[in-house]
Amino acid sequence: MESFSSKSLALQAEKKLLSKMAGRSVAHLFIDETSSEVLDELYRVSKEYTHSRPQAQRVIKDLIKVAVKVAVLHRSGCFSPGELALAARFRQKLHQGAKTALSFGEVAFTFEAAVLTDLLTECRDMLLELVAHHLTPKSHNRIRHVFDHFSDQGLLTALYGPDFTQHLGKICDGLRKLLDEGKL
């Protein structure tokens, strides 16, 4: 007897459709205004740092695809109790990273690139473990691409340096708002 699951098929179709549509206009449908503003600012930072519009667009597009796919998996109840516990730890670590980034941005002379790099690397590893049995290797590579890009110590040092002060201020404002609203 064939094993057929319409729920599984629908989930695959939804993930495929959303991954094809991941762009700035679609991001606004799935991502709130504040998150969208932070993503836009991260795009600007990436573009200025890499001097490559396509590279900056790719990293943000990958970030949106991953975020939407993980949200679809969570909403569809695809995670086991153990995976839900891992998701909670991931969320805590992401929260800690956001608070650390915010603190570094608000308190002069406290920035340490290695601390943020380590936090982002831990987040990457947790997320890869969480989606190991749910997403394709291509999606795993997107996760690595996003986290490796933003955990690059050169990028972080530039972001917290004098040339990116305006961008950092906007990112910190967005992170503060997301933390206050409990969205991060």
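If you're wondering where the values come from, they're calculated on a predicted model, not measured in any experiment.
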ask   = Could you walk me through whether Leu156 and Phe111 pass the side-chain contact (heavy atoms from CB on, under 4.5 Å) check?
value = CA-CA 9 Å; Leu156 292 170; Phe111 171 69; 3.9 Å; yes

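- Checking side-chain atoms of Thr34 against main-chain N and O of Gly174 turns up no donor-acceptor pair under 3.5 Å.
- Around CD of Glu181, the count of heavy atoms belonging to other residues, nucleotides or ligands within 6.0 Å exceeds 12.
- Here Thr121 contributes atom OG1 and Lys93 contributes atom NZ; the two are 11.0 Å apart, rounded to the nearest 0.5 Å.
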Worked verdict on Phe150 versus Val59 for side-chain contact (heavy atoms from CB on, under 4.5 Å) = CA-CA 9 Å; Phe150 287 112; Val59 77; 4.0 Å; yes

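- Between Glu37 and Lys177 there is no salt bridge, since no side-chain nitrogen of the basic residue lies less than 4.0 Å from a carboxylate oxygen of the acidic one.
- The heavy-atom pair separating Leu63 from Val146 by the smallest distance is N-CG2, 3.4 Å.
- Judged purely by atom type and a 3.5 angstrom limit, Tyr160 has no side-chain atom pairing as donor or acceptor with the backbone of Glu112.
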ask   = When you look at Arg58 and Asp62, which way does the salt bridge (Lys or Arg N to Asp or Glu O under 4.0 Å) test go after all the steps?
value = CA-CA 6 Å; Arg58 170 56 46 204; Asp62 284 353; 3.1 Å; yes

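- Between Leu73 and Leu130 there is no side-chain heavy-atom pair separated by less than 4.5 Å.
- Between atom CG of residue Leu119 and atom CZ of residue Arg124 there is a gap of 12.5 Å, rounded to the nearest 0.5 Å.
- Between Asp148 and Asp152 the shortest side-chain heavy-atom distance does not fall below 4.5 Å.
- Taking every heavy atom of both residues into account, Leu127 and Val70 meet most closely at CD1-CG2, 4.0 Å.
- Of all heavy-atom pairs between His167 and Glu48, the closest is NE2-OE2, 2.6 Å.
- Checked for salt-bridge contact, Asp173 and Lys170 miss the test: no charged N lies under 4.0 Å from a carboxylate O.
- For the atom pair OG (Ser103) and CG (Leu175), the distance works out to 12.0 Å, reported to the nearest 0.5 Å.
- One finds the CZ atom of Arg89 at 13.5 Å from the CD atom of Gln96 (value rounded to the nearest 0.5 Å).
- The NE2 atom of His74 sits 9.0 Å away from atom CZ of Arg91, with the distance rounded to the nearest 0.5 Å.
- Across His134 and Cys78, no two heavy atoms sit closer than the pair CE1-O, 3.1 Å.
- The side-chain heavy atoms of Ser46 and His149, taken from C-beta on, include a pair separated by under 4.5 Å.
- Remark: the backbone N or O of Leu128 is not paired with any side-chain donor or acceptor of His140 at under 3.5 angstrom.
- The two residues Leu179 and Lys99 have their closest heavy-atom pair at CD1-CG, 3.8 Å.
- Val45 is listed as a side-chain neighbour of Ile171, based on a closest heavy-atom distance under 4.5 Å.
- With rounding to the nearest 0.5 Å, the separation of CD1 in Ile143 from NZ in Lys138 is 14.0 Å.
- A donor atom on one side chain and an acceptor atom on the other are not found under 3.5 Å apart for Glu83 and His133.
- At distances below 3.5 Å, not a single donor-acceptor pair connects side-chain atoms of Thr157 with backbone N or O atoms of Gly154.
- The two residues Leu102 and Cys172 have their closest heavy-atom pair at CD1-O, 3.3 Å.
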task = Starting from the C-alpha separation in whole Å, work towards a yes-or-no answer on side-chain contact (heavy atoms from CB on, under 4.5 Å) for Arg142 and Ser139.
result = CA-CA 5 Å; Arg142 285 188 180 111; Ser139 291; 3.9 Å; yes

Worked check of side-chain contact (heavy atoms from CB on, under 4.5 Å) between Gln153 and Leu116 = CA-CA 8 Å; Gln153 289 196 12; Leu116 280 179; over 6 Å; no

